[in-house]
Structures are given as structure tokens and as C-alpha cells.
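Have a look at the structure below, then the notes.
All values below come from the heavy atoms of this structure, side chains included, with hydrogens, waters and symmetry mates left out. Order of the sequence lines sets the chain letters (A, B, ...), proteins ahead of strands, with each chain counted from 1.
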Number of protein chains: 2
Amino acid sequence: MKSITSTSEKILDIAQSLIVAGGYNGFSYADISAAIGIRKASIHHHFPTKAELVSVLVDRYRQQAEAGLKSLREGVSSPAEQLRAYVSYWHSCIRDASLPFCVCAMLASEMQMLPEEVASQVRGHFHSLAGWLRSVLQDGTENGLFQLDKRPEEEAQMLMASIHGAMLSARAFGDPELFIAIVAPQIARLQARD
Amino acid sequence: MKSITSTSEKILDIAQSLIVAGGYNGFSYADISAAIGIRKASIHHHFPTKAELVSVLVDRYRQQAEAGLKSLREGVSSPAEQLRAYVSYWHSCIRDASLPFCVCAMLASEMQMLPEEVASQVRGHFHSLAGWLRSVLQDGTENGLFQLDKRPEEEAQMLMASIHGAMLSARAFGDPELFIAIVAPQIARLQARD
DNA sequence: ATTTGCCTACCTACTAGTAGGAAGATAAAC
DNA sequence: GTTTATCTTCCTACTAGTAGGTAGGCAAAT
């Protein structure tokens with residue numbers, strides 16, 4: 001019986017945590033090698049180049065994210081609760097340090113020096129996350145639960161920026177609670193006031 | 001007559017633009033060497049170690065920022081205009097690509113692998129920027145120009161996060177106008193509504 | 001005479017990536 | 001059911017190039 005997580009998945013897991021910690025240029029094959037007890041060359045067997053490794057990694061991340069967002073949309077009652085569930089997911093990730101930053105947000109900051117294939121995937125993630133937020137906001141507005149100052153797509157961009165900025169502040173200050181302190185009021189203010 | 005910018009300042013200038021592009025691990029002494037036409041060893045003469053170079057660089061950045069913010073506070077009429085001037089400064093930096101990202105925001109994303117001296121300076125910058133925003137918001141509130149939902153320090157953190165997140169989105173999408181589209185409404189909503 | 005600023009030449013450690021082979025599993029051919 | 005060929009996964013050993021950093025010298029300025 002095979003191990004539940006294959007070697008290539010283990011490689012992606014540790015690479016992901018290394019990217020979240022230090023970005024594209026912040027990790028090496030040697031780091032992965034040391035972390036999972038396999039030789040450098042064996043990693044190249046699974047992922048011939050670094051660009052390809054990160055590309056597969058971001059692809060997996062995007063699929064997981066999209067699946068997670070979709071299931072939130074289907075499984076959680078109201079749009080307001082969907083937003084709250086989304087940010088509380090991140091809050092717990094930051095608190096327990098399991099994934100204290102969005103992989104794509106991290107990579108976006110290095111956009112200018114990323115391999116083009118990775119850069120376009122990062123753009124794609126930002127686009128689909130903004131799209132998800134927009135659809136939640138629109139849904140909430142149509143049901144009279146939200147009262148937006150701006151068009152849903154603009155409010156979605158504002159919310160996404162707040163979330164990413166809040167991750168950054170939480171990291172800068174080393175205070176996980178700062179994340180929710182910044183993000184919660186931004187969601188609260190969307191709520192219809194009467 | 002000496003060149004108006006000394007070699008060490010030229011080193012800091014190019015290092016800063018390289019950090020803004022790719023972070024702490026995204027540049028090397030060789031990159032600086034190639035950019036300003038000086039040998040690697042000569043850079044070590046000015047800045048013995050990379051950690052020291054970046055430390056001096058962030059120190060200079062913080063001084064410039066603090067001076068700029070202080071002069072905005074003194075030279076610009078109303079708190080609302082002070083905020084607008086601040087974000088429009090960034091907007092033009094992003095538009096003309098002269099400094100398309102805050103050095104400290106960039107470094108904050110790599111917080112976990114930064115030399116401790118640099119990390120504490122980055123924390124310091126976040127602290128003083130939040131402090132500046134707080135004082136502007138408080139000033140505006142006391143003069144009846146702003147109407148805040150939360151305490152000034154919380155609103156300041158929210159605003160700072162929006163600004164950093166907006167920088168990230170502008171970079172991810174390659175669209176400088178997105179920065180102001182995200183940030184302007186966040187400032188507008190602070191305005192007293194009656 | 002010492003300091004400043006830069007140089008050539010070098011070091012060790014590490015970077016991504018390659019060549020080629022050993023061990024084991026798989027599966028078809030006999 | 002054993003043999004044979006193939007595939008997968010990992011290995012050792014290596015490459016060329018780059019990382020940050022050092023030693024020591026030279027010329028001009030102070």
C-alpha cells in the first residue's frame with residue numbers, strides 16, 4: 001500500500017510553504033531536498049525545472065481555491081456568511097501558521113521577475129477571486145442584504161485588496177488578530193443599514 | 001566638483017529599485033555592479049554585507065517617507081486633502097513606474113526570512129505610517145470633516161491595508177489605475193455625510 | 001601619511017540542472 | 001511460472017554559473 005501522499009505532492013507541499021515564507025527566489029531545490037529527505041536530483045525527476053514546479057504548484061493551489069470557494073458558495077447560507085467563512089478560513093490559517101499568506105498574493109509582489117507562465121496564472125487567480133467576491137456581493141445586493149456604495153466589481157476589488165493588505169499587516173506586525181480586525185469591519189460596512 | 005549623487009547613493013538607488021521589483025532575495029551585488037558600472041568588491045567597500053546595505057536603504061527610505069508625510073501634514077490644507085495627496089503620490093509613482101511599490105511593503109511579505117535588523121525597521125515603518133494615518137483621521141474627526149465607524153487607530157490600519165492591497169492588485173493586473181480605483185472610495189467613505 | 005574609492009583576483013558555498021546507473025515494480029512473452 | 005523488457009523512482013557524481021564576501025594593491029584626495 002502506497003503512502004497517502006505521493007512524493008511529488010510532498011514536494012509541492014513543502015515548496016508551497018517555502019514560497020509563502022520567502023517567495024519565488026526564497027527557496028531552492030536544496031531546501032526541499034533537506035525538508036523531505038530526498039536528493040536534489042530526484043526532485044528534478046518530478047519537476048524538471050523550477051518554473052515548472054512553481055507552475056504546477058500554483059495550478060494546484062488555484063484548483064483547491066476554486067473548489068473551496070465554490071463549495072462555500074453552495075454550502076453556506078447567506079452571502080454575508082460566505083464572506084465571513086472565507087475570511088475566517090484565512091484567519092485560522094494565519095493563526096495556526098499553516099498557510100499564513102496566499103501563495104498568489106506572495107507571488108504577485110514579485111510579478112516582474114516571475115516566469116511568464118507563473119505570472120499569468122497569478123493574474124488568473126486574482127481575476128477569479130475578484131470574480132467570486134463580485135458574485136457574492138451581487139447576490140447579496142439582489143437579495144437586499146448588502147447595500148453597496150459602488151458597483152459590485154469595484155467593491156470586490158476593494159475587498160480583495162483589504163484582505164491582501166490585512167495579510168501583509170498581520171505578517172508585518174506578527175499579529176494574526178490584526179487580520180480579522182482589519183477585514184471584519186470592511187465586511188460589516190457592506191451590510192444594509194436599515 | 002563631485003557628482004551630485006555619490007556612489008553609495010547610486011548603490012542604494014539601484015538596490016531599492018531591485019528590491020521593489022523582486023524583494024530581498026531578488027537581487028545580488030552582481031546586479032548592482034552591472035547596473036552602475038562598478039565592481040562587486042567596490043560595493044562591499046561601501047556596504048560590507050547585504051544585510052547592512054538593505055538596513056541602510058530601509059533607514060533612508062523611512063527618513064524620506066517620514067519627512068514627506070510630515071511636510072504633507074504641514075503644507076496641505078485639510079486632512080482629506082492630505083490623504084488624497086498621499087495616495088496620489090503613490091498613484092504617480094506606480095503610473096510612471098519610478099517606485100511602483102512601497103519598499104517596506106515588499107519586504108514585509110518576506111518578513112520571515114529577513115535579517116532581524118531589517119525586519120524590525122520594516123515593523124517600524126508600518127507603525128509610523130499607521131500612526132500618521134491615525135493622526136490625520138483623528139484631526140479630521142475632531143474638525144467634523146470625517147465620520148468614522150471605528151476608532152481612528154483601527155480605521156488607520158484598515159486604510160493602510162487597503163493601500164498596500166491596492167498596490168498589490170495594481171501590480172498583479174498590471175494596471176496602475178486600479179490602485180486609485182480601490183483607494184479613492186476608501187477615502188471617500190470617511191467623509192462626513194451631512 | 002593616511003584615508004577614500006576603486007580595482008584585480010580570489011574564495012567557499014550554493015544555484016539550477018544533467019548524466020548515468022541501481023533497485024524495485026509491472027507486465028507481457030515464452 | 002519464469003524470463004525478459006520497460007517504467008518509475010531514486011541515487012551518486014557532476015557541470016557551469018552565481019551567491020556573498022575577502023585579500024591586497026594602486027592612485028588620488030585630504
Side-chain angles (χ1 to χ4, degrees), chain A residues 1-19 21-58 60 106-107 110 112-119, chain B residues 1-58 60 106-107 110 112-119 121:
Chain A
M1 190 160 120
K2 223 180 186 176
S3 165
I4 188 163
T5 44
S6 66
T7 301
S8 57
E9 290 237 310
K10 273 193 250 173
I11 293 170
L12 292 176
D13 288 344
I14 172 72
Q16 178 167 303
S17 74
L18 289 169
I19 286 178
Y24 187 88
N25 292 308
F27 80 102
S28 72
Y29 274 46
D31 294 330
I32 301 172
S33 163
I36 64 173
I38 199 181
R39 297 289 137 168
K40 260 180 19 169
S42 308
I43 302 170
H44 280 286
H45 166 74
H46 293 278
F47 305 100
T49 68
K50 193 179 183 181
E52 199 173 307
L53 163 56
V54 176
S55 182
V56 171
L57 184 154
V58 175
R60 188 186 70 152
M106 192 70 199
L107 292 172
E110 301 175 289
Q112 308 187 5
M113 2 182 79
L114 253 35
E116 177 46 39
E117 42 177 339
V118 177
Chain B
M1 189 159 123
K2 223 181 187 178
S3 166
I4 187 161
T5 44
S6 65
T7 301
S8 59
E9 291 238 308
K10 273 193 251 175
I11 292 170
L12 292 175
D13 288 343
I14 172 73
Q16 178 166 302
S17 74
L18 288 169
I19 286 177
V20 165
Y24 188 87
N25 292 308
F27 81 101
S28 71
Y29 274 45
D31 294 330
I32 301 172
S33 164
I36 64 173
I38 201 181
R39 298 289 134 167
K40 256 180 24 169
S42 308
I43 302 171
H44 281 284
H45 167 73
H46 293 278
F47 305 100
T49 68
K50 192 180 185 181
E52 199 172 307
L53 163 56
V54 175
S55 182
V56 172
L57 183 155
V58 175
R60 187 184 71 153
M106 192 71 200
L107 292 173
E110 302 174 288
Q112 309 187 2
M113 0 183 80
L114 252 34
E116 177 46 39
E117 41 176 338
V118 176
Q121 282 174 309

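With contacts defined as side-chain heavy-atom distances shorter than 4.5 Å, the pair L12(A)/F47(A) qualifies.
Residue contacts shown for S28(A) are limited to sugar-phosphate atoms, with no base heavy atom under 4.0 Å away. At the heavy-atom level, F47(B) lies nowhere under 4.0 Å from the strands shown.
Across the protein-nucleic acid pair, K40(B) atom NZ and dA19(D) atom C1' stand 7 Å apart, rounded to whole Å. As a whole-Å value, the separation of I38(B) CD1 from dT8(C) P is 11 Å. Following rounding to the nearest Å, I32(A) (CD1) and dC14(C) (C1') show an atom-to-atom distance of 15 Å. When rounded to the nearest whole Å, the span between CG of L18(B) and P of dA19(D) equals 11 Å. L53(B) has its CG atom 10 Å from the P atom of dG21(D), to the nearest Å. Between N25(B) atom CG and dA16(C) atom P the separation is 11 Å, expressed in whole Å. Summarising the geometry, the separation between CD1 on I11(B) and C1' on dG21(D) is reported as 15 Å, rounded to the nearest angstrom. Between F27(A) atom CZ and dA19(D) atom C1' there is a gap of 17 Å when expressed in whole angstrom units.
In this structure, H46(B) reaches the dC6(C) phosphate: one of its side-chain N or O atoms is under 4.0 Å from OP1 or OP2.
Side-chain atoms of Y29(B) never come within 3.5 Å of backbone atoms of R39(B) as a donor-acceptor pair (strictly under, hydrogens ignored). A donor-acceptor contact shorter than 3.5 Å links the side chain of K50(B) to the backbone of F27(B). Side chain of Y24(B) to main chain of G22(A): no donor-acceptor pair is present (N/O by atom type, distance under 3.5 Å, no hydrogens or angles).
Here dC10(D) is the nucleotide among dT12(D), dC7(C), dC10(D) with the atom lying nearest to any side-chain atom of S42(A). Closest to the side chain of Y29(B), from the set dG21(D), dA16(C), dA19(D), is dG21(D).
The 5' end of DNA chain D is approached more closely, in terms of each residue's nearest nucleotide, by H45(A) than by the other of H45(A) and A41(A). For the pair H44(A) and T7(B), both in contact range of DNA chain C, the more 5′-proximal nearest nucleotide belongs to T7(B).
Atoms CD1 and CG, on I36(B) and D13(B) in that order, are 9.0 Å from each other to the nearest 0.5 Å.
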